[in-house]
**Student:** 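Below: one structure in C-alpha coordinates.
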Amino acid sequence: MDLTTTYMGINLKNPIVVSASPLSENVDNIYQMQEAGASAVVMYSLFEEQITWQSQQLDHYLSYGVESFTEAMSYFPDLDDYKIGPEAYLNLIQRAKMAVDMPVIGSLNGVSTGGWIEYAKRIEQAGADALELNIYYIPTDIGMSGTEVEQMYLDVVQDVKNSISLPVAVKISPFFSATANMAYRLSQAGADALVLFNRFYQPDFDLEELEVVPHLVLSNSNELRLPLRWVAILYGKVPVDFAVTSGVHTSEDVLKSLMAGAKVTMMASALLKNSIGYIGNILDDLKLWMDEREYESVKQMQGSMSHQSVAEPAVFERANYMKVLHSWRPDPTGQLVY
Ligand SMILES: Cc1cc2nc3c(=O)[nH]c(=O)nc-3n(C[C@H](O)[C@H](O)[C@H](O)COP(=O)(O)O)c2cc1C
(Lines give C-alpha, C1' and ligand atoms only; values in the text may rest on other atoms or scores of the structure.)
Protein backbone atom coordinates (compact mmCIF):
# COMPACT_ATOMS: atom_id res chain seq x y z
CA MET A 1 0.00 0.00 0.00
CA ASP A 2 1.38 3.38 -1.00
CA LEU A 3 0.95 6.00 1.72
CA THR A 4 3.38 8.49 0.19
CA THR A 5 2.45 12.04 -0.59
CA THR A 6 4.25 15.21 -1.58
CA TYR A 7 4.04 18.53 0.19
CA MET A 8 5.52 21.66 -1.40
CA GLY A 9 7.77 19.45 -3.52
CA ILE A 10 8.98 17.42 -0.53
CA ASN A 11 8.41 13.66 -0.68
CA LEU A 12 6.78 12.34 2.49
CA LYS A 13 6.30 8.71 3.48
CA ASN A 14 2.73 9.35 4.65
CA PRO A 15 0.33 12.27 5.18
CA ILE A 16 0.69 12.49 9.01
CA VAL A 17 2.64 15.58 10.01
CA VAL A 18 3.04 16.85 13.56
CA SER A 19 1.67 20.38 13.82
CA ALA A 20 3.47 23.21 15.61
CA SER A 21 3.12 22.64 19.36
CA PRO A 22 5.18 22.44 22.54
CA LEU A 23 5.89 18.80 21.64
CA SER A 24 8.66 20.00 19.33
CA GLU A 25 10.42 21.88 22.10
CA ASN A 26 12.97 19.11 22.55
CA VAL A 27 14.89 16.79 20.27
CA ASP A 28 13.86 13.62 22.15
CA ASN A 29 10.23 14.26 21.34
CA ILE A 30 11.06 14.98 17.70
CA TYR A 31 12.90 11.66 17.50
CA GLN A 32 9.90 9.91 19.07
CA MET A 33 7.62 11.47 16.45
CA GLN A 34 9.75 9.94 13.71
CA GLU A 35 9.79 6.57 15.51
CA ALA A 36 6.00 6.66 15.88
CA GLY A 37 5.70 7.11 12.10
CA ALA A 38 5.26 10.86 11.54
CA SER A 39 6.41 11.90 8.08
CA ALA A 40 7.50 15.43 9.11
CA VAL A 41 7.33 17.88 11.97
CA VAL A 42 6.47 21.55 12.06
CA MET A 43 8.46 23.16 14.86
CA TYR A 44 6.65 25.35 17.38
CA SER A 45 6.83 28.99 16.31
CA LEU A 46 9.45 31.59 16.81
CA PHE A 47 7.44 34.75 17.43
CA GLU A 48 8.07 38.14 15.89
CA GLU A 49 7.82 39.58 19.40
CA GLN A 50 10.64 37.35 20.61
CA ILE A 51 12.86 38.65 17.84
CA THR A 52 11.90 42.30 18.05
CA TRP A 53 12.10 42.16 21.84
CA GLN A 54 15.71 41.22 21.50
CA SER A 55 16.40 44.25 19.37
CA GLN A 56 14.17 46.41 21.57
CA GLN A 57 11.87 47.32 18.69
CA LEU A 58 8.21 46.50 18.79
CA ASP A 59 6.54 46.74 15.43
CA HIS A 60 3.99 49.50 15.05
CA TYR A 61 1.16 47.12 14.13
CA LEU A 62 1.29 45.66 17.57
CA SER A 63 1.01 49.08 19.11
CA TYR A 64 -2.31 49.78 17.40
CA GLY A 65 -4.83 50.93 19.95
CA VAL A 66 -2.48 50.78 22.93
CA GLU A 67 -1.34 53.83 24.77
CA SER A 68 2.30 53.22 25.19
CA PHE A 69 5.06 50.82 24.39
CA THR A 70 5.38 49.92 28.08
CA GLU A 71 1.73 49.06 28.43
CA ALA A 72 1.84 47.01 25.22
CA MET A 73 4.76 45.01 26.55
CA SER A 74 2.92 44.26 29.78
CA TYR A 75 0.38 42.21 27.78
CA PHE A 76 3.00 39.66 26.82
CA PRO A 77 4.41 36.81 28.85
CA ASP A 78 7.86 37.70 30.17
CA LEU A 79 9.66 37.56 26.86
CA ASP A 80 13.02 36.92 28.50
CA ASP A 81 11.57 33.69 29.87
CA TYR A 82 9.20 32.92 27.00
CA LYS A 83 10.17 29.52 25.71
CA ILE A 84 13.61 29.93 24.24
CA GLY A 85 15.12 32.87 22.41
CA PRO A 86 15.83 33.09 18.68
CA GLU A 87 19.38 31.73 18.89
CA ALA A 88 18.34 28.68 20.87
CA TYR A 89 15.48 28.12 18.40
CA LEU A 90 17.91 27.98 15.49
CA ASN A 91 20.13 25.66 17.49
CA LEU A 92 17.17 23.35 18.18
CA ILE A 93 16.45 23.10 14.44
CA GLN A 94 20.09 22.19 13.80
CA ARG A 95 20.01 19.50 16.48
CA ALA A 96 16.66 18.17 15.27
CA LYS A 97 18.04 17.85 11.74
CA MET A 98 20.96 15.84 13.09
CA ALA A 99 18.67 13.56 15.09
CA VAL A 100 16.05 12.65 12.47
CA ASP A 101 15.78 11.88 8.76
CA MET A 102 12.27 13.25 8.35
CA PRO A 103 11.80 16.82 7.10
CA VAL A 104 11.80 19.51 9.77
CA ILE A 105 9.69 22.57 9.00
CA GLY A 106 10.56 25.80 10.80
CA SER A 107 7.78 28.12 11.92
CA LEU A 108 7.72 31.89 12.14
CA ASN A 109 4.78 33.62 13.74
CA GLY A 110 4.30 37.29 12.99
CA VAL A 111 2.11 39.93 11.43
CA SER A 112 4.26 42.62 9.92
CA THR A 113 7.18 43.06 7.58
CA GLY A 114 10.41 44.15 9.21
CA GLY A 115 13.83 43.13 10.37
CA TRP A 116 12.56 40.00 12.10
CA ILE A 117 11.93 38.44 8.68
CA GLU A 118 15.70 37.96 8.43
CA TYR A 119 15.06 34.97 10.68
CA ALA A 120 13.50 33.16 7.74
CA LYS A 121 16.98 33.12 6.24
CA ARG A 122 18.52 31.98 9.48
CA ILE A 123 15.99 29.15 9.78
CA GLU A 124 16.98 28.12 6.25
CA GLN A 125 20.67 28.24 7.20
CA ALA A 126 19.93 26.15 10.30
CA GLY A 127 18.89 23.36 7.92
CA ALA A 128 15.08 23.46 7.93
CA ASP A 129 13.47 21.80 4.92
CA ALA A 130 10.66 24.35 4.64
CA LEU A 131 9.15 27.25 6.52
CA GLU A 132 5.62 27.66 7.84
CA LEU A 133 4.53 31.23 8.33
CA ASN A 134 1.79 31.65 10.88
CA ILE A 135 0.13 35.02 10.49
CA TYR A 136 -1.97 35.59 13.59
CA TYR A 137 -3.53 39.00 13.80
CA ILE A 138 -6.81 40.23 15.24
CA PRO A 139 -7.61 43.54 13.54
CA THR A 140 -9.11 45.45 16.47
CA ASP A 141 -8.64 48.93 14.98
CA ILE A 142 -11.98 50.16 13.63
CA GLY A 143 -10.07 52.39 11.23
CA MET A 144 -8.31 49.49 9.55
CA SER A 145 -10.03 48.15 6.44
CA GLY A 146 -10.14 44.58 5.19
CA THR A 147 -7.98 45.62 2.25
CA GLU A 148 -5.27 46.87 4.60
CA VAL A 149 -5.37 43.69 6.66
CA GLU A 150 -5.09 41.57 3.54
CA GLN A 151 -2.20 43.65 2.24
CA MET A 152 -0.36 43.10 5.51
CA TYR A 153 -0.60 39.34 5.00
CA LEU A 154 0.51 39.55 1.39
CA ASP A 155 3.48 41.79 2.22
CA VAL A 156 4.77 39.41 4.89
CA VAL A 157 4.47 36.43 2.56
CA GLN A 158 6.19 38.24 -0.29
CA ASP A 159 9.01 39.49 1.92
CA VAL A 160 9.63 36.06 3.41
CA LYS A 161 9.55 34.43 -0.02
CA ASN A 162 12.03 36.98 -1.33
CA SER A 163 14.47 36.28 1.47
CA ILE A 164 14.74 32.48 1.17
CA SER A 165 14.66 29.67 -1.36
CA LEU A 166 12.85 27.20 0.90
CA PRO A 167 9.24 26.29 0.19
CA VAL A 168 6.90 28.43 2.28
CA ALA A 169 3.56 27.36 3.75
CA VAL A 170 1.20 30.01 5.09
CA LYS A 171 -1.05 29.17 8.01
CA ILE A 172 -4.10 31.42 7.93
CA SER A 173 -7.32 31.97 9.79
CA PRO A 174 -10.77 31.40 8.29
CA PHE A 175 -11.80 35.00 9.04
CA PHE A 176 -11.51 36.65 5.65
CA SER A 177 -14.60 37.99 3.94
CA ALA A 178 -13.42 36.45 0.67
CA THR A 179 -11.39 33.42 1.72
CA ALA A 180 -11.14 31.99 -1.80
CA ASN A 181 -9.82 35.23 -3.25
CA MET A 182 -7.39 35.66 -0.37
CA ALA A 183 -6.12 32.10 -0.79
CA TYR A 184 -5.50 32.80 -4.47
CA ARG A 185 -3.69 36.07 -3.74
CA LEU A 186 -1.50 34.36 -1.15
CA SER A 187 -0.54 31.82 -3.81
CA GLN A 188 0.35 34.70 -6.14
CA ALA A 189 2.42 36.31 -3.36
CA GLY A 190 4.50 33.13 -3.32
CA ALA A 191 2.89 30.71 -0.87
CA ASP A 192 3.68 27.12 -1.85
CA ALA A 193 1.14 25.71 0.57
CA LEU A 194 -1.77 26.90 2.67
CA VAL A 195 -2.34 25.46 6.10
CA LEU A 196 -6.04 25.67 6.97
CA PHE A 197 -6.80 26.84 9.62
CA ASN A 198 -5.14 28.56 12.50
CA ARG A 199 -7.11 28.11 15.71
CA PHE A 200 -7.73 31.40 17.40
CA TYR A 201 -7.50 31.08 21.13
CA GLN A 202 -10.37 32.87 22.75
CA PRO A 203 -9.57 34.38 26.10
CA ASP A 204 -11.89 34.12 29.07
CA PHE A 205 -12.63 36.45 32.00
CA ASP A 206 -11.67 35.56 35.54
CA LEU A 207 -14.60 37.01 37.54
CA GLU A 208 -12.75 36.84 40.87
CA GLU A 209 -9.59 38.61 39.75
CA LEU A 210 -11.36 40.66 37.04
CA GLU A 211 -8.64 39.69 34.63
CA VAL A 212 -8.51 38.36 31.10
CA VAL A 213 -7.10 34.85 31.24
CA PRO A 214 -5.82 32.74 28.38
CA HIS A 215 -8.04 29.71 28.11
CA LEU A 216 -6.59 26.86 26.12
CA VAL A 217 -9.06 24.22 25.00
CA LEU A 218 -7.75 21.40 22.86
CA SER A 219 -9.70 20.66 19.68
CA ASN A 220 -11.99 17.76 18.84
CA SER A 221 -12.97 16.15 15.52
CA ASN A 222 -15.97 18.49 15.07
CA GLU A 223 -13.55 21.29 14.30
CA LEU A 224 -12.38 19.46 11.23
CA ARG A 225 -15.44 20.52 9.28
CA LEU A 226 -14.30 24.08 8.69
CA PRO A 227 -10.93 23.27 7.09
CA LEU A 228 -12.53 20.30 5.34
CA ARG A 229 -15.07 22.53 3.62
CA TRP A 230 -12.48 25.09 2.56
CA VAL A 231 -9.95 22.63 1.25
CA ALA A 232 -12.75 20.97 -0.74
CA ILE A 233 -13.73 24.38 -2.15
CA LEU A 234 -10.22 25.54 -3.00
CA TYR A 235 -8.68 22.28 -4.23
CA GLY A 236 -7.78 22.50 -7.91
CA LYS A 237 -8.55 26.23 -8.02
CA VAL A 238 -5.65 27.67 -6.05
CA PRO A 239 -2.22 26.46 -7.21
CA VAL A 240 -0.82 25.44 -3.81
CA ASP A 241 -0.68 22.31 -1.68
CA PHE A 242 -3.15 22.18 1.19
CA ALA A 243 -2.52 21.03 4.73
CA VAL A 244 -5.41 20.51 7.11
CA THR A 245 -4.97 21.50 10.73
CA SER A 246 -7.67 21.78 13.45
CA GLY A 247 -9.62 18.74 14.49
CA VAL A 248 -7.52 15.90 13.05
CA HIS A 249 -7.90 13.23 15.75
CA THR A 250 -8.66 9.92 13.99
CA SER A 251 -7.83 8.02 10.81
CA GLU A 252 -11.30 9.00 9.54
CA ASP A 253 -10.33 12.65 9.97
CA VAL A 254 -7.18 12.00 7.94
CA LEU A 255 -9.16 10.21 5.21
CA LYS A 256 -11.73 12.99 4.97
CA SER A 257 -9.00 15.62 4.72
CA LEU A 258 -7.25 13.72 1.94
CA MET A 259 -10.48 13.29 0.03
CA ALA A 260 -11.20 17.01 0.37
CA GLY A 261 -7.83 17.62 -1.28
CA ALA A 262 -5.21 17.87 1.46
CA LYS A 263 -1.68 16.69 0.73
CA VAL A 264 -1.02 16.33 4.45
CA THR A 265 -2.87 16.45 7.74
CA MET A 266 -1.38 18.01 10.85
CA MET A 267 -2.00 17.03 14.45
CA ALA A 268 -1.37 18.81 17.72
CA SER A 269 -4.29 18.36 20.19
CA ALA A 270 -4.64 14.62 19.52
CA LEU A 271 -0.97 14.08 20.37
CA LEU A 272 -1.05 16.37 23.40
CA LYS A 273 -4.02 14.31 24.68
CA ASN A 274 -2.88 10.82 23.72
CA SER A 275 0.94 11.06 23.50
CA ILE A 276 3.23 10.97 20.50
CA GLY A 277 2.89 7.19 20.09
CA TYR A 278 -0.73 7.74 19.02
CA ILE A 279 0.56 8.53 15.50
CA GLY A 280 1.19 4.76 15.13
CA ASN A 281 -2.47 3.95 15.93
CA ILE A 282 -3.69 6.44 13.31
CA LEU A 283 -1.40 4.94 10.69
CA ASP A 284 -2.53 1.38 11.52
CA ASP A 285 -6.20 2.38 11.28
CA LEU A 286 -5.55 4.25 8.05
CA LYS A 287 -3.93 1.20 6.44
CA LEU A 288 -6.70 -1.08 7.66
CA TRP A 289 -9.41 1.18 6.24
CA MET A 290 -7.64 1.48 2.88
CA ASP A 291 -7.01 -2.26 2.75
CA GLU A 292 -10.65 -3.15 3.46
CA ARG A 293 -11.84 -0.82 0.70
CA GLU A 294 -9.09 -1.80 -1.71
CA TYR A 295 -7.51 1.60 -1.99
CA GLU A 296 -3.94 1.26 -3.19
CA SER A 297 -2.59 4.72 -2.52
CA VAL A 298 -3.14 7.94 -0.68
CA LYS A 299 -2.72 9.86 -3.95
CA GLN A 300 -5.72 8.01 -5.37
CA MET A 301 -7.92 9.57 -2.67
CA GLN A 302 -6.60 13.13 -2.71
CA GLY A 303 -9.26 15.55 -3.90
CA SER A 304 -11.78 12.80 -4.72
CA MET A 305 -14.47 14.60 -2.69
CA SER A 306 -13.47 18.16 -3.52
CA HIS A 307 -15.70 20.74 -5.17
CA GLN A 308 -13.80 20.34 -8.42
CA SER A 309 -16.66 18.42 -9.97
CA VAL A 310 -19.35 20.83 -8.67
CA ALA A 311 -20.40 23.27 -11.39
CA GLU A 312 -21.82 25.94 -9.02
CA PRO A 313 -19.98 25.65 -5.68
CA ALA A 314 -21.65 28.68 -4.07
CA VAL A 315 -25.12 27.34 -4.95
CA PHE A 316 -24.09 23.89 -3.69
CA GLU A 317 -23.07 25.46 -0.35
CA ARG A 318 -26.39 27.35 -0.06
CA ALA A 319 -28.35 24.18 -0.84
CA ASN A 320 -26.48 22.19 1.81
CA TYR A 321 -27.01 24.98 4.31
CA MET A 322 -30.77 24.87 3.68
CA LYS A 323 -30.81 21.07 3.92
CA VAL A 324 -29.10 21.18 7.32
CA LEU A 325 -31.48 23.77 8.73
CA HIS A 326 -34.47 21.77 7.50
CA SER A 327 -33.16 18.58 9.08
CA TRP A 328 -34.22 19.78 12.57
CA ARG A 329 -37.43 18.14 13.79
CA PRO A 330 -39.17 18.48 17.16
CA ASP A 331 -39.31 15.12 18.99
CA PRO A 332 -42.46 14.01 20.88
CA THR A 333 -41.17 15.51 24.14
CA GLY A 334 -41.05 18.91 22.46
CA GLN A 335 -37.25 18.99 22.33
CA LEU A 336 -35.57 19.89 19.07
CA VAL A 337 -33.51 17.02 17.69
CA TYR A 338 -31.85 16.21 14.37
C1 LIG B 1 -0.45 24.17 23.22
C2 LIG B 1 -0.42 24.56 21.77
C3 LIG B 1 0.63 25.30 21.26
C4 LIG B 1 0.66 25.67 19.91
N5 LIG B 1 1.72 26.40 19.43
C6 LIG B 1 1.72 26.74 18.13
C7 LIG B 1 2.80 27.46 17.58
O8 LIG B 1 3.79 27.77 18.26
N9 LIG B 1 2.72 27.83 16.27
C10 LIG B 1 1.67 27.51 15.48
O11 LIG B 1 1.66 27.84 14.30
N12 LIG B 1 0.63 26.79 15.96
C13 LIG B 1 0.63 26.41 17.25
N14 LIG B 1 -0.41 25.70 17.74
C15 LIG B 1 -1.53 25.38 16.84
C16 LIG B 1 -1.39 23.96 16.29
O17 LIG B 1 -0.25 23.81 15.49
C18 LIG B 1 -2.61 23.55 15.47
O19 LIG B 1 -2.66 24.28 14.27
C20 LIG B 1 -3.92 23.76 16.21
O21 LIG B 1 -3.83 23.34 17.55
C22 LIG B 1 -5.05 22.99 15.53
O23 LIG B 1 -4.72 21.63 15.39
P24 LIG B 1 -5.26 20.51 16.41
O25 LIG B 1 -6.73 20.45 16.26
O26 LIG B 1 -4.58 19.24 15.95
O27 LIG B 1 -4.84 20.91 17.77
C28 LIG B 1 -0.43 25.29 19.08
C29 LIG B 1 -1.46 24.52 19.59
C30 LIG B 1 -1.48 24.13 20.91
C31 LIG B 1 -2.61 23.31 21.42
Side-chain angles (χ1 to χ4, degrees), residues 20 42-94 105-128 130-173 175-176 182-183 185-195 198 200-201:
V42 182
M43 301 295 290
Y44 70 91
S45 300
L46 179 59
F47 282 76
E48 173 180 348
E49 291 80 355
Q50 284 173 278
I51 300 165
T52 51
W53 177 242
Q54 282 218 332
S55 60
Q56 299 292 306
Q57 287 165 357
L58 188 66
D59 185 89
H60 76 275
Y61 282 120
L62 290 166
S63 308
Y64 261 115
V66 294
E67 287 180 15
S68 70
F69 177 83
T70 319
E71 185 181 341
M73 287 321 299
S74 75
Y75 301 154
F76 288 93
D78 185 346
L79 289 173
D80 282 333
D81 294 341
Y82 187 71
K83 294 192 180 164
I84 57 174
E87 296 305 322
Y89 186 83
L90 299 170
N91 181 267
L92 180 64
I93 291 183
Q94 273 171 350
I105 302 174
S107 170
L108 271 182
N109 193 316
V111 293
S112 63
T113 62
W116 70 281
I117 281 173
E118 268 299 298
Y119 274 80
K121 208 177 278 171
R122 299 194 58 189
I123 287 175
E124 179 172 39
Q125 285 159 359
L131 181 69
E132 188 174 285
L133 190 56
N134 183 341
I135 309 179
Y136 186 108
Y137 182 66
I138 314 259
T140 54
D141 181 353
I142 57 170
M144 193 175 197
S145 70
T147 312
E148 286 172 272
V149 177
E150 290 175 5
Q151 196 55 49
M152 231 170 81
Y153 275 68
L154 298 170
D155 288 346
V156 180
V157 174
Q158 223 155 25
D159 284 0
V160 167
K161 256 318 256 194
N162 286 341
S163 63
I164 55 175
S165 48
L166 289 181
V168 173
V170 183
K171 189 172 184 178
I172 55 167
S173 85
F175 305 122
F176 290 103
M182 190 60 196
R185 286 162 68 208
L186 285 165
S187 76
Q188 299 309 293
D192 299 288
L194 292 178
V195 183
N198 222 337
F200 274 59
Y201 295 98

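Residues take their numbers from the sequence shown, with the count starting at 1.
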**Student:** Indicate the atoms forming the closest heavy-atom contact of Tyr44 with Tyr89, along with that distance.
**Tutor:** O-OH, 2.6 Å
**Student:** Enter the distance from Leu131:CG to Ser165:OG here, rounded to the nearest 0.5 Å.
**Tutor:** 11.5 Å
**Student:** Working to the nearest 0.5 Å, report the span between CD of Gln158 and CD1 of Ile117.
**Tutor:** 11.0 Å
**Student:** Are Asp155 and Gln151 linked by a side-chain donor-acceptor pair shorter than 3.5 Å?
**Tutor:** yes
**Student:** One pair to check against side-chain hydrogen bond (donor to acceptor under 3.5 Å, both in side chains): Ser145 and Glu148. What are the steps and the verdict?
**Tutor:** CA-CA 5 Å; Ser145 70; Glu148 286 172 272; 3.3 Å; yes
**Student:** Do any pairs count as a salt bridge (Lys or Arg N to Asp or Glu O under 4.0 Å) and have a residue in residues 159-169, sequence neighbours left out, and if so which ones?
**Tutor:** Lys161-Asp192
**Student:** Answer yes or no: does atom CD1 of Ile138 have more than 12 heavy-atom neighbours from other residues, nucleotides or ligands under 6.0 Å?
**Tutor:** yes
**Student:** Going from CD1 on Ile51 to CG on Leu108, what distance comes out if it is rounded to the nearest 0.5 angstrom?
**Tutor:** 5.5 Å
**Student:** Taking it one step at a time, do Met144 and Tyr137 satisfy side-chain contact (heavy atoms from CB on, under 4.5 Å)?
**Tutor:** CA-CA 12 Å; Met144 193 175 197; Tyr137 182 66; 3.7 Å; yes
**Student:** Over all heavy atoms of both residues, which pair between Glu124 and Leu166 is shortest? Give the atoms and the distance, please.
**Tutor:** OE2-N, 3.3 Å
**Student:** I need the Trp116 CH2 to Phe47 CZ distance, nearest 0.5 Å.
**Tutor:** 10.5 Å
**Student:** Nearest heavy-atom pair of Ser45 and Asn109: which atoms, and what distance?
**Tutor:** CB-CB, 3.5 Å
**Student:** Are the side chains of Met43 and Leu92 in touch, meaning some heavy atoms are under 4.5 Å apart?
**Tutor:** yes
**Student:** Kindly write out the residues that satisfy side chain to side chain contact (heavy atoms under 4.5 Å, CB included) with Glu118, not counting sequence neighbours, or none if the list is empty.
**Tutor:** Lys121
**Student:** Can you check whether Ile105's main-chain N or O pairs, donor with acceptor, with Glu132's side chain at less than 3.5 Å?
**Tutor:** no
**Student:** Which pair of non-hydrogen atoms, one from Ala120 and one from Ser163, has the smallest distance, and what is that distance?
**Tutor:** CB-OG, 3.9 Å
**Student:** If I take atom CG from residue Leu46 and atom CD1 from residue Ile123, how far apart are they, to the nearest 0.5 angstrom?
**Tutor:** 5.5 Å
**Student:** Nearest 0.5 Å, please: how far is CD in Glu150 from CG in Leu186?
**Tutor:** 9.0 Å
**Student:** Taking Ile135 as the fixed residue, which of Val157, Val149, Leu154 is the one that meets the side chain to side chain contact (heavy atoms under 4.5 Å, CB included) rule?
**Tutor:** Val157
**Student:** Search all heavy atoms of Gln50 against all heavy atoms of Pro86 and return the closest pair with its distance.
**Tutor:** O-CG, 4.1 Å
**Student:** Of the options Val160, Val195, Ile172, which is the one that meets Leu133 in a side chain to side chain contact (heavy atoms under 4.5 Å, CB included)?
**Tutor:** Val160
